[in-house]
**Q** 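Take this structure first; my questions come after.
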Amino acid sequence: ILMASGWVKRVRQVKDVNSTRMRDGDGVLAAVAGSTRSAVAFFSNQGVCYVTRIHDVPAATGYGEPIQTLFKLGDGERIVAMMSFDPRTIDNKPADPDSVEPDPPYALAVTRGGLGLRFSLRVHAEPSTRAGRKFARLNDGDEVLNVMALGLYEEQDWVMCASDDGHALAALAEEVSLLSGPGKGMMVMKVAKGARVAAISPHPTTS
């Protein structure tokens, strides 16, 4: 379980994540399931992915521990998303030796400045160093808002973006640039001067 404050903990089972013990004013940002042998990835607002085994996440019935006990985050860096690499939750088929593009599974990241990029999760499937691995390069003043796994529920993935000045846009994920290494991506939602993307979420496939 990952808290909005950046605290993390491993529990054997949980019926209601919102009933888990947390500090005053905190909230659950994400919860994933997996065996203790599986890897779990944490994506930061500065475009870095930190990976460890679920077994190495502190087991706790209390508040857990700050994510900084596992990884070396930079100043102002915080975790915005978490994913489990348990094979029961993500399909990690063998790589295609003839493929000229990065192999799936893919994830989509969107920044507050409206830029988006797709990237392969394969390079993040094994534990990283405490410094993590870059998955995005950001413009000055920009930051990653969220990262979402693709291909989990629908044949076509859509993402809904909403800005803080009241605009919204649904985009087809496969139209977003697929990068083979850390990059800035492409404009997914053009925001007005002074506005920022405030939220992204999966959008149901439309007919």
Side-chain angles (χ1 to χ4, degrees), residues 1-11 23 26-60 63-87 89-90 92 95 101-150 176-186 196-197 200:
I1 298 176
L2 174 66
M3 313 305 293
S5 63
W7 284 53
V8 64
K9 61 182 175 179
R10 172 169 54 90
V11 297
R23 298 181 302 164
D26 209 352
V28 175
L29 180 65
V32 298
S35 75
T36 54
R37 298 184 301 273
S38 297
V40 59
F42 301 88
F43 299 88
S44 85
N45 65 327
Q46 293 185 7
V48 181
C49 178
Y50 302 91
V51 186
T52 189
R53 298 290 180 195
I54 290 179
H55 173 76
D56 294 325
V57 175
Y63 301 143
E65 298 289 340
I67 196 75
Q68 288 89 343
T69 61
L70 296 173
F71 309 110
K72 186 179 180 181
L73 275 66
D75 292 341
E77 189 172 11
R78 56 188 174 80
I79 303 301
V80 297
M82 175 174 67
M83 291 182 197
S84 167
F85 282 90
D86 189 293
T89 62
I90 193 165
N92 197 5
E101 292 188 335
D103 286 296
Y106 302 128
L108 172 69
V110 177
T111 75
R112 290 193 179 275
L115 293 174
L117 59 101
R118 281 189 302 144
F119 60 96
S120 175
L121 289 169
R122 287 182 178 272
V123 295
H124 304 294
E126 295 297 328
S128 67
T129 66
R130 285 178 53 85
R133 304 183 187 97
K134 274 280 189 182
F135 67 90
R137 299 196 182 280
L138 304 171
N139 292 324
D140 291 343
D142 203 0
E143 65 175 350
V144 175
L145 175 62
N146 203 349
V147 179
M148 51 184 274
L150 301 175
V176 177
S177 298
L178 176 62
L179 305 184
S180 58
K184 296 182 179 180
M186 58 175 283
R196 308 282 276 173
V197 176
I200 71 165

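This structure is a prediction, so every number in the text was calculated from the model and none was measured. The residues of the chain are indexed from 1 along the displayed sequence.
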**Q** Could you tell me which non-hydrogen atom of G183 sits nearest to which non-hydrogen atom of L117, and how far apart they are?
**A**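 That would be O-CD2, 3.4 Å.
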**Q** Taking atom CD1 of I54 and atom OG of S38, what is their separation to the nearest 0.5 Å?
**A** 5.0 Å
**Q** Give a yes or no answer on whether the side chain of S180 reaches the backbone of P102 with a donor-acceptor pair at less than 3.5 Å.
**A** no
**Q** Excluding sequence neighbours, so at least two apart, what forms salt bridge (Lys or Arg N to Asp or Glu O under 4.0 Å) with R78?
**A** E143
**Q** List in chain and number order the residues that pass salt bridge (Lys or Arg N to Asp or Glu O under 4.0 Å) with E77, two or more places apart in sequence or in another chain; answer none if no residue qualifies.
**A** none
**Q** Got M82 and V40 here, is their nearest side-chain heavy-atom distance under 4.5 Å?
**A**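 Contact flag for M82/V40 side chains = yes.
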**Q** Quick check: does any side chain N or O of R118 sit under 3.5 Å from a backbone N or O of L179, one acting as donor and the other as acceptor?
**A** no
**Q** Could you walk me through whether M83 and V147 satisfy the side-chain contact (heavy atoms from CB on, under 4.5 Å) test, starting with their C-alpha distance in whole Å, then the side-chain angles of each, then the deciding distance to 0.1 Å, before giving a yes or no?
**A** CA-CA 9 Å; M83 291 182 197; V147 179; 3.6 Å; yes
**Q** Is it possible for you to check whether R23 lies under 6.0 Å from the centre of the six-membered ring of Y63, through NZ or CZ, and within 45° of that ring's axis?
**A**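 That pair does not qualify as a cation-pi contact.
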**Q** Residues in ring-ring contact (aromatic ring centres under 6.0 Å, His included) with F135, at least two apart?
**A**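 Residues passing ring-ring contact (aromatic ring centres under 6.0 Å, His included) with F135: F43, F119.
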**Q** How many angstroms lie between CD1 in I79 and CE in M3, if you round to the nearest 0.5 Å?
**A** 14.5 Å
**Q** Go through M186 and V176 one step at a time and tell me if the side-chain contact (heavy atoms from CB on, under 4.5 Å) criterion holds.
**A** CA-CA 7 Å; M186 58 175 283; V176 177; 4.2 Å; yes
**Q** Side chains of N139 and K184, heavy atoms from C-beta outward: is any pair under 4.5 Å?
**A**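 Side chain of N139 against side chain of K184, heavy atoms only: contact under 4.5 Å found.
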**Q** Measuring from L145:CG to L115:CG, what's the distance to the nearest 0.5 Å?
**A**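 It is 12.0 Å, given to the nearest 0.5 Å.
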**Q** Provide the closest heavy-atom pair for L138 versus G47 in the form atom of the first, atom of the second, distance.
**A** CD1-N, 4.2 Å
**Q** Looking only at heavy atoms, what is the nearest atom pair of S120 and D103, with distance?
**A**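 Shortest heavy-atom contact: OG-O, 2.6 Å.
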**Q** Can a donor-acceptor pair be found, under 3.5 Å and without considering hydrogens, that links the side chain of S84 to the backbone of A33?
**A**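 Indeed, once roles are kept as given, a pair shorter than 3.5 Å links the two residues.
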**Q** Please walk me through it: do N45 and R112 pass side-chain contact (heavy atoms from CB on, under 4.5 Å)?
**A** CA-CA 10 Å; N45 65 327; R112 290 193 179 275; over 6 Å; no
**Q** My understanding is that only residues two or more places apart in sequence, or in another chain, count here; which of them pass salt bridge (Lys or Arg N to Asp or Glu O under 4.0 Å) with R133?
**A**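 Checked R133 against salt bridge (Lys or Arg N to Asp or Glu O under 4.0 Å); zero matches.
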**Q** Got a second to check how far M148's CE is from Y106's OH, nearest 0.5 Å?
**A** 15.0 Å
**Q** Among residues at least two apart in sequence or on other chains, which ones pass side chain to side chain contact (heavy atoms under 4.5 Å, CB included) with N146?
**A** A81, I200
**Q** Could you give the distance from CG (D142) to CD (Q46), rounded to the nearest 0.5 Å?
**A**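 Those atoms lie 11.5 Å apart.
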**Q** In chain order, what residues pass the ring-ring contact (aromatic ring centres under 6.0 Å, His included) check against F71, with sequence neighbours excluded?
**A**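 In terms of ring-ring contact (aromatic ring centres under 6.0 Å, His included), with neighbours along the sequence ignored, F71 is linked to F42, Y50.
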**Q** Test side-chain contact (heavy atoms from CB on, under 4.5 Å) on T111 and V197 and set out the steps.
**A** CA-CA 7 Å; T111 75; V197 176; over 6 Å; no
**Q** So do the side chains of T36 and R10 get within less than 4.5 Å of each other, counting heavy atoms only?
**A** yes
**Q** Rounded to the nearest 0.5 Å, what separates atom NE2 in H55 from atom CZ in R37?
**A**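 Answer for the NE2-CZ pair, H55 versus R37, is 11.5 Å.
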